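Working notes, structure below.
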Amino acid sequence: MKILVINSGSSSLKFQVIDMETEEVLARGVCERIGIDGIFTYKTGSGISFKEQVTMENHTQAVHVLLDTLIDPEKGVIKDFSEIDVIGHRLVHGGEKFTGSVVITDEVIEAMTECNDLAPLHNPANLIGVDACRRLMPDTLMVGVFDTAFNQTMEPKAFLYGLPYRYYEKYKIRRYGFHGISHKYVSQRAAEFMHQDLRRVKTIVCHLGNGASICAVKYGKVVDNSMGFTPLEGLVMGTRSGDVDPGALEFLAKKENLDLPQIMKILNQESGVLGISKNLSSDFRELKDAEIKYNEKASLAREIFAYKVAKYVGSYAAAMNGVDNIVFTAGVGENDSDIREEICSYLEFLGIHIDEVKNRESAEAIKISDGMSKVNVLVIRTNEELEIARQAAEVARRVQG
Ligand code: ADP
């Protein structure tokens, strides 16, 4: 079975073709600057690789470009479209309606459109990608894989805010949690790597990328997730603030004469380590370089980031009454050994000991805690595309019998 994975954003569309017999990536790429000047990047497992300017006025044209390339006799990896058995779409917000992956039908699109309000930046962009694929490959099975679905096992005590209950009833204001595709993949891979029974382990996944979230997974099910109603809550991120006292925002709005959209822009785009470092950078590599040159704000930004991660890990260990695995993943989690070491230094009370040599190694999956450690600390490369493909394949097998 071959699966085309699509991750459609507002001006970009990432794709991969995965052969599910071997889970090998046959081709991958990204259409960027759709509707602007159009840049197409493409790479195959057999070594073909290029980046070129291609006009893509809209997402349908972008899908056209990638499909034409996939069947091209020289650059392509398939002979014709019928070789693609399923298209798996990453969909960000499924509200409370979707607790798992689904075949994309008109009803699903309608239900997702109802969730647009909950993720105005992401959901419409996802749906444009779905629409483009449906136009060009109308007979191919499409499966939607939601970022919120894995988190739907949270109990009301974890997902309800301390707000009047009527707002949950009226508007479904609650914690949804995000990065579910990554948290699912990584928590399962951790159990597999450690030869554990997933139904018996308690895992805390630290997905630390530009967007960052922590997820408590007990016996294969999500207990809590640091992101909330939107992906703004929780950790201090690249440009997002994470948790802030709403009272401070009212104060700020009055002092600076700001309206709500201006406040939201500050929280989403001007805060996090970028804001703390006085606009130096949202990129942890650049912050580290600046820290080495004694830039105090860069140092403070990294310190605040690590402290906040450690606080969440501690609270999630309490939420699950224990923890067996702590896993670092995504850009920062996979690559920044200094941040990992700093976070773990707060967690010695859990009996955690890091092997400093292992912590500096790099692999698809690696255990960085030493033999004395009471908790396994792991670094695992996330693979959201593979998780989408696996879930899409599972749905396809179910419906096709
Ligand atoms: P997203 O998918 O949320 O955009 P990623 O998971 O790709 O984010 O992570 C991007 C972040 O990872 C960037 O802030 C970048 O600084 C960080 N990163 C990537 N490589 C390294 C590295 N070697 N050391 C430290 N940080 C890194």
Side-chain angles (χ1 to χ4, degrees), residues 5-16 28-30 32 41 90 92-93 119 121-122 125-126 145 147-148 177-186 189 205-215 225-227 230-242 268-277 279-293 295 297-299 301-306 308-309 327-344 359-366 368 379-388:
V5 176
I6 298 280
N7 183 353
S8 172
S10 55
S11 70
S12 74
L13 189 146
K14 293 185 200 143
F15 66 93
Q16 278 192 15
R28 72 174 80 215
V30 53
E32 287 169 286
T41 313
R90 181 200 195 154
V92 167
H93 212 312
L121 292 180
H122 294 102
N126 296 159
V145 181
D147 234 352
T148 47
F178 294 84
H179 287 145
I181 297 167
S182 174
H183 288 307
K184 183 167 191 228
Y185 174 84
V186 171
R189 179 75 185 105
V205 180
C206 306
H207 178 111
L208 311 179
N210 248 326
S213 70
I214 310 237
C215 190
N225 185 298
S226 63
M227 282 181 166
T230 72
L232 182 55
E233 195 184 345
L235 301 173
V236 166
M237 307 180 214
T239 63
R240 286 175 241 166
S241 64
N268 275 303
Q269 295 168 26
E270 300 169 20
S271 299
V273 291
L274 175 74
I276 296 168
S277 68
N279 288 332
L280 188 68
S281 179
S282 63
D283 189 310
F284 281 76
R285 284 164 294 199
E286 290 179 20
L287 291 175
K288 188 151 63 180
D289 291 346
E291 188 176 23
I292 292 164
K293 293 176 193 142
N295 182 309
K297 294 293 175 288
S299 184
R302 286 173 59 88
E303 194 182 352
I304 292 173
F305 178 83
K308 196 75 185 269
V309 172
V327 195
F328 291 100
T329 193
V332 181
E334 289 166 25
N335 296 300
D336 197 325
S337 54
D338 292 343
I339 285 268
R340 290 197 298 259
E341 197 174 320
E342 193 170 336
I343 293 166
C344 290
N359 186 35
R360 307 221 166 252
E361 288 174 14
S362 170
E364 177 271 324
I366 189 166
I368 60 166
V379 180
I380 292 181
R381 265 183 222 143
T382 192
N383 194 338
E384 289 167 290
E385 290 76 16
L386 180 57
E387 181 60 35
I388 293 168

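Treat the numbers as computed from the prediction; the structure is a model and nothing was measured. Just so you know, ligand 1 is whichever comes first in the structure, and atom 1 is the first atom listed for that ligand.
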>> Would you say NZ of Lys14 has more than 12 non-hydrogen atoms from neighbouring residues, nucleotides or ligands within 6.0 angstrom?
In response: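 No.
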> Crowded around Arg381 CZ? As in, over 12 foreign heavy atoms under 6.0 Å?
Replying inline: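 Yes, CZ of Arg381 has more than 12 neighbouring heavy atoms, counting only those of other groups under 6.0 Å.
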List every atom of ligand 1 that sits less than 4.0 Å from any heavy atom of [X], numbering the atoms from 1 in the order shown and giving each element.
| X | result |
| --- | --- |
| Gly209 | 5 (P), 6 (O), 8 (O), 9 (O) |
| Ser282 | 14 (O) |
| Phe284 | 14 (O), 16 (O), 26 (N) |

> Would you say Gly238 contacts ligand 1, with heavy atoms under 4.0 Å as the rule?
Replying inline: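 No.
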> With no hydrogens and no angle check, is any side-chain donor or acceptor of Arg240 less than 3.5 Å from a backbone partner on Pro231?
Replying inline: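 Looks like yes, one N/O pair under 3.5 Å.
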Nearest-option assignment for [atom], heavy atoms, candidates [options]:
| atom | options | answer |
| --- | --- | --- |
| atom 11 (C) of ligand 1 | Leu287, Asp289, Val332, Leu208 | Val332 |
| atom 4 (O) of ligand 1 | Thr329, Thr239, Asn210, Ile339 | Asn210 |
| atom 20 (N) of ligand 1 | Asp338, Asn335, Thr382 | Asn335 |
| atom 5 (P) of ligand 1 | Gly333, Gly331, Ser213 | Gly331 |
| atom 13 (C) of ligand 1 | Val273, Leu274, Asp336, Asp283 | Asp283 |

> Given the rule in the side chain to side chain contact (heavy atoms under 4.5 Å, CB included) test, do Asn295 and Lys293 qualify, once you have shown the distances and angles that lead to the verdict?
Replying inline: CA-CA 6 Å; Asn295 182 309; Lys293 293 176 193 142; 5.7 Å; no
> Is any side-chain N of the basic residue among Glu387 and Arg90 closer than 4.0 Å to the acidic one's carboxylate O?
Replying inline: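 Salt bridge between Glu387 and Arg90, a charged N being under 4.0 Å from a carboxylate O: no.
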